[in-house]
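Because only heavy atoms are used, hydrogens play no part in the values below, and waters and symmetry mates are left out as well, while side chains stay in.
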Amino acid sequence: MEASEASHQIIADLLEARTGQHLTESRRWRVNSALAGIFRAHGISNVDQLVCLLAAPPGGPEGPDLSQEVVEALLNNETYFFRDKPTFDQLPGEILPELAQRRRDVRRLSIWSAGCSTGQEVYSLAMLFAEQAERWQGWTIDILGTDVSHRAINAARSGTYSQFEVQRGLGVTQMLRHFEETARGWQVRDDVRRMVRFSQHNLLGSAHPGRIPFDLVLCRNVLLYFDRQTRSNAFARLSGAVMPDGFLMLGAGETVIGQTDRFVPTSRRASFFEPVTMPHAPVLRKIA
């Protein structure tokens, strides 16, 4: 194995160990371009030199965070507002009304966006509720966005987007209704921000990030980068994060069929799945 090939494998192993993402041969072409900023910042020119720095003793001049810099640079943070709109439109049209009926006594909905990247999906969800404010008056809406990337979560918390970012997926009316232009970019308005919160979280961790399971979990285009066993482990984590009568939403190109026995497809709803109550699993009830 040549040195450069060995170095690429070390980088791939680091990404998989930290995030579960499998850097397949077909994706390795983008490693050098993804790491270009790190090369410039540290005055190096290739992956071999980077691996040497990663192997340096702790406390060296590069500091302890170089490995995390590498991981975050390799993560795919591609996202935009109301991504896959035909699928997303099922939320206000069918899913949220059904959940509202099921939660009419407690008048509370909790939603988790796993792998939320820089926050566009989370704010898109909040906009749905803001645009139906009268319908949801008196309800508590709690939307949590998590991502393994510290950098992405900081960007999401800021709620500030460039002109290019804010125009991706949003019409002019939506943009002006839910954002205000500032010197730093387009800032999400307070009525939308009040419904959301963000935290760093690894989907493959031992527990989901909620106190109790969520009514709706979105995990879109995250499982695509996992190998089969890691994907199975992720479904096991997700099954504990969804209420027994809640929903899991996957990306347009993802499915549970042939992947897990923890979820089943919902009737006539693309990308939405329902949890299967596992034998001897405790059924957690929603509390007010």
Side-chain angles (χ1 to χ4, degrees), residues 20 83-84 87-116 121-122 124-125 128-129 139-148 196-197 199 201-288:
R83 186 177 186 179
D84 300 327
T87 303
F88 212 90
D89 284 346
Q90 294 177 92
L91 286 168
E94 299 182 47
I95 299 299
L96 293 180
E98 188 163 330
L99 286 174
Q101 178 64 21
R102 296 177 183 181
R103 303 293 181 262
R104 62 187 182 277
D105 293 334
V106 295
R107 297 174 70 82
R108 174 184 173 86
L109 283 180
S110 60
I111 301 173
W112 175 26
S113 170
C116 72
E121 180 172 272
V122 174
S124 297
L125 289 164
L128 294 179
F129 291 99
W139 283 69
T140 298
I141 307 299
D142 179 36
I143 306 172
L144 171 65
T146 68
D147 199 276
V148 70
V196 311
R197 55 195 176 93
S199 68
H201 178 266
N202 190 331
L203 176 61
L204 299 174
S206 59
H208 67 80
R211 184 169 58 90
I212 57 176
F214 297 86
D215 301 303
L216 171 65
V217 173
L218 292 82
C219 185
R220 301 201 296 161
N221 305 307
V222 175
L223 306 180
L224 291 172
Y225 303 109
F226 294 165
D227 62 23
R228 188 176 184 87
Q229 183 57 55
T230 306
R231 193 177 301 123
S232 177
N233 294 341
F235 277 124
R237 301 288 190 275
L238 290 168
S239 69
V242 185
M243 289 292 289
D245 59 348
F247 295 100
L248 169 68
M249 181 181 182
L250 298 180
E254 297 173 305
T255 185
V256 302
I257 299 173
Q259 304 293 321
T260 180
D261 59 358
R262 305 272 184 156
F263 293 92
V264 293
T266 60
S267 176
R268 301 183 305 280
R269 290 169 178 161
S271 300
F272 287 91
F273 305 89
E274 297 173 298
V276 175
T277 302
M278 302 303 289
H280 311 299
V283 178
L284 299 177
R285 300 298 182 187
K286 182 67 109 177
I287 60 176

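Using a 4.5 Å cut-off on side-chain heavy atoms (C-beta onward), V256 and L250 make contact. Inter-residue side-chain proximity for R197 and D142 is flagged as met; some heavy-atom pair is nearer than 4.5 Å. Here the side chains of F247 and L91 are not in contact, with every heavy-atom distance at 4.5 Å or above. Two residues are said to be in side-chain contact when any heavy atoms from C-beta on lie closer than 4.5 Å; L125 and F88 meet this criterion. Residues L218 and I111 meet the side-chain proximity criterion, which asks for heavy atoms closer than 4.5 Å. The shortest distance between side-chain heavy atoms of D261 and F235 does not fall below 4.5 Å. Counting heavy atoms from C-beta outward, R269 and E98 have side chains that approach closer than 4.5 Å. Within the 4.5 Å cutoff, the side chain of L204 has heavy atoms near those of the T230 side chain.
The backbone N or O of A234 lies less than 3.5 Å from no partner atom in the side chain of R237, so there is not a single donor-acceptor pair. Within the 3.5 Å criterion, the main-chain N or O of R83 finds a donor-acceptor partner in the side chain of R220. With hydrogens and angles ignored, the 3.5 Å screen pairs a side-chain donor or acceptor of T266 with a backbone N or O of F272. Although no hydrogens or angles enter the test, the distance criterion places no donor-acceptor pair under 3.5 Å between the side chain of E274 and the main chain of D245.
For C116 against D147, the heavy-atom pair with the smallest separation is N-OD2, 3.5 Å. In this structure, G240 and P213 approach most closely via the heavy-atom pair O-CG, 3.8 Å. Scanning all heavy atoms of the two residues, the minimum distance from A252 to S271 falls at CA-OG, 3.7 Å. Looking at every heavy atom in both residues, G93 comes nearest to P97 through O-CG, 3.9 Å. Looking at every heavy atom in both residues, V222 comes nearest to C219 through CB-SG, 3.8 Å. Pairing each heavy atom of Q90 with each of A270, the nearest pair is NE2-O, 3.0 Å.
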Before you tell me yes or no, could you show the steps for L203 and T146 under side chain to side chain contact (heavy atoms under 4.5 Å, CB included), namely the whole-Å CA-CA distance, both residues' side-chain angles and the distance that decides it to 0.1 Å?
CA-CA 9 Å; L203 176 61; T146 68; over 6 Å; no
So M249 and E121, side chain to side chain contact (heavy atoms under 4.5 Å, CB included) or not? Walk me through it.
CA-CA 12 Å; M249 181 181 182; E121 180 172 272; over 6 Å; no
One pair to check against side chain to side chain contact (heavy atoms under 4.5 Å, CB included): F129 and L96. What are the steps and the verdict?
CA-CA 9 Å; F129 291 99; L96 293 180; 3.9 Å; yes
Walk me through whether F273 and T255 qualify under side chain to side chain contact (heavy atoms under 4.5 Å, CB included).
CA-CA 9 Å; F273 305 89; T255 185; 4.1 Å; yes
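Between D215 and R108 there is no salt bridge, since no side-chain N of the basic residue sits under 4.0 Å from a carboxylate O of the acidic one.
In this structure, CD1 in I141 is found 9.5 Å from CZ in R107, a value given to the nearest 0.5 Å. For the atom pair N221 CG and D84 CG, the distance stands at 6.0 Å (nearest 0.5 Å). Of the inter-residue distances, the one linking F226 atom CZ with S232 atom OG reads 12.0 Å to the nearest 0.5 angstrom.
Below 30°, between 30° and 60°, or above 60°: for H208 and F214 the angle between ring planes is above 60°, a perpendicular geometry.
Of the N and O atoms on the side chains of Q259 and R231, at least one donor lies less than 3.5 Å from an acceptor on the other residue.
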